[in-house]
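So the structure is just underneath, and the comments pick up after that.
Values below: every heavy atom of this structure, side chains too, minus hydrogens, waters and symmetry copies. Each chain gets a letter, A, B and so on, in the order its sequence line appears, and its residues count up from 1.
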Number of protein chains: 2
Amino acid sequence: MHSPAIRISSQSLQVACSQCNLRELCLPYGLHSDEVEKLDEMVGMRRRVKRGQHLYRAGEPFESIFAVRMGFFKTGVILEDGREQVTGFQMSGELLGLDGISSESHTCNAVALEDSDVCVIPFSRLEHLSREIESLQHNFHKVMSREIVRDQGIMMLLGSMHAEERLAAFLLNLSQRFTTRGFSPSEFHLRMTRQEIGSYLGLKLETVSRAFSKFQEGNLISVQQKHIHILDIPGLRRILRKQD
Amino acid sequence: MHSPAIRISSQSLQVACSQCNLRELCLPYGLHSDEVEKLDEMVGMRRRVKRGQHLYRAGEPFESIFAVRMGFFKTGVILEDGREQVTGFQMSGELLGLDGISSESHTCNAVALEDSDVCVIPFSRLEHLSREIESLQHNFHKVMSREIVRDQGIMMLLGSMHAEERLAAFLLNLSQRFTTRGFSPSEFHLRMTRQEIGSYLGLKLETVSRAFSKFQEGNLISVQQKHIHILDIPGLRRILRKQD
DNA sequence: ACCCGACGTTGACTTGGATCAAACGGCTCG
DNA sequence: CGAGCCGTTTGATCCAAGTCAACGTCGGGT
């Protein structure tokens, strides 16, 4: 079931939150500089995860959460019949592993979709430090809450939207997240397969492909394999609104 | 759009976590008795919400989370076209309002499905106290994480299960939660309509109704309107496994 | 006690997306 | 440079669930 013994290349390189260009997206947001220095001590090490490798696997004991510094991940579970169900995609500045807190073991797999770096944040240290630093505590609570809101948004998408509406929502969401990170809102490279998009959106890969083609016909986007160019953001939004 | 000016009956009656029979399901879990006493001060008041009334509405400023002491709630949002999308059902010992932390305003509506009591937990006080009480902090983090895991479970259900599988999962989940609360695992009263179940499960009410009938034909359950008697729990589980 | 309206069931028909199948494009690796 | 494979596209067909419609049932209010 598991892929044949992939060794996880894991190297610790010291990094400082205070130097990180993601600090406004991540846990240090709004902290004073002396507080950020304490964070630096907490985030002991960085870990490099190559494309295709696991950051963690479902069932492994939970010890740390991870902040994506660079790269792109998917999270998901493998169902009994071998099918994969994707539960999310994470990009730089986003946290991974929050699901593991409740049961003290990871409930899903996290796989890098491109060569990536993460900050390893030992959870007990995070709890300890957020008892000292009020705004760190509050940031962390907000991040967890945002994850809940995000998941509920997807529940809504899965519960009440049609294939094209789902894909439009997906593209707009990616676009928005790329924008926040200073990339182009309209042109980007998908790091996941049609299959993975489909799994995430509750659709089959053929349906995803057809919806892409349909959008292209309507001059809403131009697709070339994994390269996406959004030509008409308002048009995509209109598709979303249609029945939601 | 809103129902005609329903007045929320809200009365404060002092209650103590230390006396509450739900403390093992709720935030006080595992706390020492002196710590639970501090919790008592935090939970300033109880609020009574009558069937059909809102505990809070989407858009209202977020100040407190709520613990259900008694009763039954649904959470959901109203979509532009007036349709309701249900995002969850909450029973005694469960927390409501966690989604509001991230944006500092509630992102959904919470409505009582039967006359209910909740404990009002001012969030800033909870954060303050969990900086003092390590196990309270940890409990709270676990509760939030559990909510994330729960939502992801529903994403999986919505993304990859058929109507009957969804309903089986729903019934088994309810059964399990009633059991935890000391009620019968096999016999209970649904407090929500077919419409609400359908909205939650991403199905139309007719489909829910048909699935109930199908289960009844197969002697898995007996349904009489809102009264459910589960006759064959392993049988329901087998339906779940079938394609998941 | 009765009526009304909300909720639930069931049947007939339609349809969006799944499934099955075939062909193509673009990497990677020998 | 060519072979092979993975991922993608597109077409044809099928089926689970949605839609529309009619009827049944329960419970609350006068």
- Message: I'd like to know if B:Glu206 reaches the base of D:dC20 with its side chain such that a donor and an acceptor end up less than 3.5 angstrom apart.
- Response: yes
- Message: I want to verify a distance call: between D:dA17, D:dT9, D:dC26, whose nearest atom is closest to the B:Gln225 side chain?
- Response: D:dC26
- Item | Nearest-nucleotide pick for B:Ser209, side chain only, options being C:dT9, D:dT10, C:dG16 | C:dT9
- Message: Between B:Tyr56 and B:Phe66, is the ring centroid distance below 6.0 Å?
- Response: yes
- Closer to the 5' end of DNA chain C via nearest nucleotide, is it B:Lys226 or A:Arg166? B:Lys226
- Message: What's B:Gly202 touching, base or sugar-phosphate or nothing? Going by heavy atoms closer than 4.0 Å.
- Response: sugar-phosphate
- Query: Just wondering, more than 12 heavy atoms not from B:Arg181 lying within 6.0 Å of its CZ?
  - Reply: yes
- Taking atom CD of A:Gln216 as the centre, report whether more than 12 heavy atoms of other residues, nucleotides or ligands fall under 6.0 Å from it. yes
- Answer with base, sugar-phosphate or nothing: what part of the nucleic acid does A:Leu203 contact at a heavy-atom distance below 4.0 Å? sugar-phosphate
- Query: Does the C:dG8 base have a donor-acceptor partner in the side chain of B:Arg210 within less than 3.5 Å?
  - Reply: no
- Message: If you assign each of B:Met192 and A:Gln224 to its closest nucleotide in DNA chain C, which residue comes earlier from the 5' end?
- Response: B:Met192
- Message: Salt bridge check, A:Glu94 against A:Arg150: does any charged N sit closer than 4.0 Å to a carboxylate O?
- Response: no
